[in-house]
Amino acid sequence: MDAFYASVAVRDRPDLQDVPVVVGGGHRGVVLSANYRARTYGVRSAMPMTRARRLCPNAVVLSPSFETFDVVSRSVMETFRQVTPLVEVVSLDEAFLDVSGSVRRLGSPYAIASLLRARIYDEQGITCSVGMAATVAVAKLASRRAKPDGIVVVPPAAVTTFLHPLDVGELWGVGEKTSDLLHRLGLRTVGDIAHTPLTTLQRAVGVHLATSLHQLAWGEDRRVVTARRGGDEPDKSMGADETFGRDTDDREVVLRELLRLSAKVATRMRAAQVAGRTVTVKVRFADFTTLTRSKTLGEATDVTREIYRTATDLFTGLGLQRARIRLVGVRVEGLVPRSTVQRQLVLGERERGWPEADGAVDRATRRFGAAALRPATLLGSDRA
DNA sequence: TCTGGGGTCCTAGGACCC
DNA sequence: TCTGGGGTCCTAGGACCC
């Protein structure tokens, strides 16, 4: 989809059609999506909202509505599945389709792309762009070239001609840091990567990335499209973090936030019927430096109190003195199905304890809403 | 009022086991 | 003529993706 969140947000607001629109906001947020009008001012995704407002003071800022994005996304994916069952959902607004089996029924790949774009525009009122190639990686790059509202085909014979002039940063797996590193080494284009000895590349960016980049630079990509929906595979970790409205050095404020985040994560884990062994706490300071501390428990847990206790131990272990803290986070890794963990009986432990309390909280909030029941420490932490 | 929140994967060192 | 090799697990940090 082109500028997905922004497109959906303005879809029912014709008055905003030719106005710069930015989806994002929050007190210290970033741009989640900007329509093409806003982009002419230099506004980009992931940019701090402060900067976006400075670049484009007359932009209309809309809050994201993920429920709506989710609904639109699901229908778009269903439309894709009418063309081929081989739809690999990458994110809310992106998917790979293997249409090789649909050609006889629906015509050339180009015709299929046109059909899809027309259907999605009719049904959802938003535009999308399609890249077509014999490999997933090249199709992805082609789709970027096709934006907005277009189609780009890269036939097999044209792959290296298409790839080699591109900046190294275009390749999947090359972000800002690696791009800078490669540029410093004089490697600016995908062609440069292709013509650099693999060993040289490996010394620069590590064996794994080097091998993958070298292959991609020559258009080699063994990945196949696998029919997959978002959330098909179980999560390996679940976490939550939050940036404070303003930096804090108040230990009580931090601990309260750790409790809120622990409860949020544990609730999600119980809903998904998983438990995890490793608890990680993340702390970001006012200067944006970030550290993590983790602890692996003897057995997996989904108990709010156990996650919280581990998180506070880890935080306390840092021995911070009046540090200005910007963000804290809690993550649980090593998730396994709840049914596979057998709770160890601890000598002297109550027959009923925190796990039962969690169960009661879950049942109450299912019936009466998330605001129905919460630790007293967290009362008054929002307006509910 | 610079810089969100949800994830995954890789690297590297050290402990520990056989 | 000091101390191998292979493996797993844990921890911390970092890069990347959407």
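Heavy atoms of A:Gly24 sit nowhere under 4.0 angstrom from any nucleic acid atom. Within 4.0 Å of A:Lys140, counting heavy atoms only, lie sugar-phosphate atoms of the nucleic acid but no base atom. If you check every strand for non-hydrogen atoms under 4.0 Å, A:Gly206 touches nothing. A:Met49 comes within contact range of no nucleotide atom at all, as no heavy-atom separation falls under 4.0 Å. Residue contacts shown for A:Leu92 are absent, as no nucleic acid heavy atom lies under 4.0 Å away. Residue A:Thr178 is in sugar-phosphate contact alone, with no base atom involved, counting any heavy-atom pair closer than 4.0 Å across all strands shown. In this structure, A:Arg246 reaches neither bases nor backbone, as no heavy-atom distance under 4.0 Å exists between it and the strands shown. Counting non-hydrogen atoms under 4.0 angstrom, A:Arg28 reaches the backbone sugars and phosphates but no base.
With contacts defined as side-chain heavy-atom distances shorter than 4.5 Å, the pair A:Asp93/A:Phe69 does not qualify. Under the 4.5 Å side-chain criterion, counting only non-hydrogen atoms from C-beta, A:Val274 is not in contact with A:Asp235.
When distances are taken from the side chain of A:Thr292 to each of C:dA12, C:dC18, B:dT8, the shortest belongs to C:dA12. Listed nucleotides C:dG13, B:dG4, C:dA15 differ in distance to A:Lys177; the shortest reach to its side chain belongs to C:dA15. Relative to the side chain of A:Ser294, the nucleotides C:dA12, C:dC18, B:dG5 differ in distance, and C:dA12 lies closest. When each of C:dT11, B:dT11, C:dC18 is scored by its nearest atom to the side-chain atoms of A:His208, the top-ranked nucleotide is B:dT11. Here the nucleotide nearest the side chain of A:Ala46, chosen from B:dG4, C:dG13, C:dC18, is B:dG4. Of the candidates B:dT1, B:dT3, B:dG5, B:dG5 carries the atom nearest the A:Asp241 side chain, counting heavy atoms from C-beta on. Nearest nucleotide to the side chain of A:Asp235, out of C:dC18, B:dT8, B:dT11: B:dT8.
In this pair, A:Trp172 does not lay its aromatic ring on the base of C:dC17; centres under 5.5 Å and planes under 30 degrees do not both hold.
Tracing side-chain contacts under 4.5 Å through hydrophobic residues (I, L, V, M, F, W, Y), one never reaches A:Val361 starting from A:Leu261; they form parts of separate clusters.
Pair assignment for C:dG13: B:dC10, on the basis of Watson-Crick or G-U wobble contacts that are both within less than 3.5 Å. Base pairing of C:dG5 is made with B:dC18, judged by Watson-Crick or G-U wobble geometry with both donor-acceptor distances under 3.5 Å.
Environment of OH in A:Tyr121: sparse, with no more than 12 heavy atoms of neighbouring residues, nucleotides or ligands closer than 6.0 Å.
For the pair A:Arg305 and A:Tyr308, the NZ or CZ position fails the cation-pi test of under 6.0 Å to the six-membered ring centre and within 45 degrees of the ring normal.
One finds a side-chain N or O of A:Arg293 lying less than 4.0 angstrom from the OP1 or OP2 phosphate oxygen of C:dG13.
Judged by closest nucleotide on DNA chain C, A:Arg277 is the one of A:Leu209 and A:Arg277 placed further toward the 5' end.
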